[in-house]
A.B. asks: 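Quick one: structure below, then a few questions.
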Amino acid sequence: MENNKIAVGLDIGTTKIVAMIGRKNEYGKLEVLGIGKAKSLGVKRGVVNNITQTIQSIQQAAEEAESISGYKIEDVVVGIAGQHIRSLHHSDYITREKSEEVIDANDIENLVSQVHKLVMLPGEEIIHVLPQEFKVDSQPDIKEPIGMYGGRLEANFHVVVGQVSSIRNVGRCIKSAGLKLSDITLEPLASASAVLSQEEKEAGVALIDIGGGTTDLAIFKDGIIRHTAVIPFGGNVITEDIKEGCSIIEKQAELLKIKFGSAWPGENKETEIVSIPGLRGREPKEITLKNLSKIIHARVQEIIEHVYLEIKNYGHETQKGKLIAGIVLTGGGAQLKHLRQLVEYITGMDVRIGYPNEHLAGDSDEALSSPAFATAVGLLMEGLQKETEEKVVEEASEMLMEETIVEEKEIIEEVQEEQEYKAKKSKSFFDKFTERFKEFLDNAE
């Protein structure tokens, strides 16, 4: 297997910006060559609100990844999230002119491009058009229509929509940072690639990616994406609540959350106290861990209830929409102590924490298998997948070119043979004619 195919995933988050350079090893696993992290200063709730600061953070992350890997970053696959993202369901169909021929990839492409022409609200743009089930003539629930006969091809689509200005701002930041945007993908879809198994997607699963500024949801059933949503709350609002509730600065609140935070208030005793240094010679503050977990619990409960409402809206309580594999938690916020138990308690569903280590090579740095890097790993996988697809297309076109060249060669050879034959034929005729003419002249004498 060629190891020179390198891709870069760029996760522009609210808390951090991560650039990850990698390739696939001979076993098809991800080999991360370099990773760069920078504090994200110009992004709020997944949306760029300060172009200059975001450009600086992207450059910082890219330079760090480049210095570790020794590779120069040119183009990147970027994840997009933010409160401006919404999804809708749409059905569309095409009538095929040549129904006596089998349905091919072009027909599906025509149907998808027709959906891309949908009229959106002012300032909105379609990011993804994801086919669900197909219907050929009157036969419903077809997963793969390629190779079938039919005159009318119909499909249900999950359409992901975002604000044009927000997407353009992300593109501008990348361009200004000296990079090229090779692809843009929805962050929950990237995270799903990194942490979900095919069996879970078939059985039905809800992926909850708790980031700094947003909580992203992606629901899969029968191997198909059924629902996506972006909830504009994340780990940062928990930190904000701790800051307000304990009257401390943000940096201290974040450290408290990471080191001593718990989503389950019954876990801590009243006597457990943590002391926070005071500002500029002021007295240190004493905070009980029970109070801290009460603050965290209240906010986490609100976030999970928002997400659970989306899961219910999808139709989880119906027999057809049941999510057998339950919930998978990922993202930086998934590292909060006792969060899994709280989510199980609120939703009554099976819950596990999603780590992206399944796709990583065995000798990878342990830190990379943290849920906080799930999106970056997923984006890197998308980039490598794109590289592979492009390579396949390239090889196919090369083969086609070779076949064409061989065919042309054969045609040229045939033409040459024919010309030679004609030349021989005309030559023999000319020789005979000359001989006869000579004979005629001799006889005339």
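Only heavy atoms go into these numbers, but all of them, side chains included; no hydrogens, no water, no symmetry mates.
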A.B. asks: Is the side chain of Lys285 donor-acceptor paired with the backbone N or O of Ser247 at a distance under 3.5 Å, no angle test?
C.D. replies: yes

A.B. asks: Working note: His306 + Thr215, criterion side chain to side chain contact (heavy atoms under 4.5 Å, CB included); need CA distance, chi angles, decisive distance, verdict.
C.D. replies: CA-CA 10 Å; His306 261 85; Thr215 298; over 6 Å; no

A.B. asks: State, yes or no, whether a side-chain contact exists between Leu379 and Met20 at a heavy-atom distance under 4.5 Å.
C.D. replies: no

A.B. asks: Run the side chain to side chain contact (heavy atoms under 4.5 Å, CB included) check on Phe260 and Ile287 step by step: do they pass?
C.D. replies: CA-CA 11 Å; Phe260 305 102; Ile287 293 158; over 6 Å; no

A.B. asks: Applying side-chain hydrogen bond (donor to acceptor under 3.5 Å, both in side chains), run through Ser191 and Thr375 and close with a yes or a no.
C.D. replies: CA-CA 4 Å; Ser191 305; Thr375 306; 2.8 Å; yes

A.B. asks: Check the pair His338 / Tyr345 against side chain to side chain contact (heavy atoms under 4.5 Å, CB included), numbers first and verdict last.
C.D. replies: CA-CA 11 Å; His338 305 116; Tyr345 176 74; over 6 Å; no

A.B. asks: Do Cys173 and Ile51 have side-chain heavy atoms sitting under 4.5 Å apart?
C.D. replies: yes

A.B. asks: Is there a side-chain contact between Glu250 and Lys243 in this structure, where contact means two heavy atoms from C-beta onward sitting under 4.5 Å apart?
C.D. replies: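 Yes, at least one pair of side-chain atoms sits under 4.5 Å.
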
A.B. asks: Using the rule given for side-chain hydrogen bond (donor to acceptor under 3.5 Å, both in side chains), can you reason through Ser91 versus Asn156, listing the C-alpha separation, both sets of side-chain angles and the distance that settles it, and then say yes or no?
C.D. replies: CA-CA 4 Å; Ser91 291; Asn156 293 326; 2.6 Å; yes

A.B. asks: Indicate yes or no: does Lys251 engage Glu254 in a salt bridge with an N to O separation below 4.0 Å.
C.D. replies: no

A.B. asks: Which distance, rounded to the nearest 0.5 Å, do you find between the OG1 of Thr347 and the NZ of Lys312?
C.D. replies: 10.0 Å

A.B. asks: To the nearest 0.5 Å, what is the distance between CD on Glu302 and CZ on Phe233?
C.D. replies: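 CZ of Phe233 is found 5.0 Å from CD of Glu302.
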
A.B. asks: In Å and rounded to the nearest 0.5 Å, what is the CG to CG distance from Leu207 to Leu196?
C.D. replies: 5.0 Å

A.B. asks: Tell me, do Leu153 and Ile108 make a side-chain contact under 4.5 Å, heavy atoms counted?
C.D. replies: yes

A.B. asks: Kindly say whether Glu358 contributes a backbone atom to a donor-acceptor pair with the side chain of Lys29 at under 3.5 angstrom?
C.D. replies: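 Looks like yes, one N/O pair under 3.5 Å.
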
A.B. asks: Classify the angle between the aromatic ring planes of His227 and His89 as parallel (below 30°), tilted (30 to 60°) or perpendicular (above 60°).
C.D. replies: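 Geometry flag for His89 against His227: parallel rings.
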
A.B. asks: Drop me the distance from Ile17's CD1 to Glu64's CD, to the nearest 0.5 angstrom.
C.D. replies: 12.5 Å

A.B. asks: Are side-chain heavy atoms of Val47 and Ser166 found at a separation under 4.5 Å?
C.D. replies: yes

A.B. asks: Is the closest side-chain heavy-atom distance between Val160 and Leu189 below 4.5 Å?
C.D. replies: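 Counting from C-beta outward, Val160 and Leu189 never come under 4.5 Å.
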
A.B. asks: Check this for me, if you would: do Glu154 and Arg96 make a salt bridge, where the nitrogen-to-carboxylate-oxygen distance has to be below 4.0 angstrom?
C.D. replies: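 Here Glu154 does not pair with Arg96 in a salt bridge, since their nearest N and O are not under 4.0 Å apart.
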
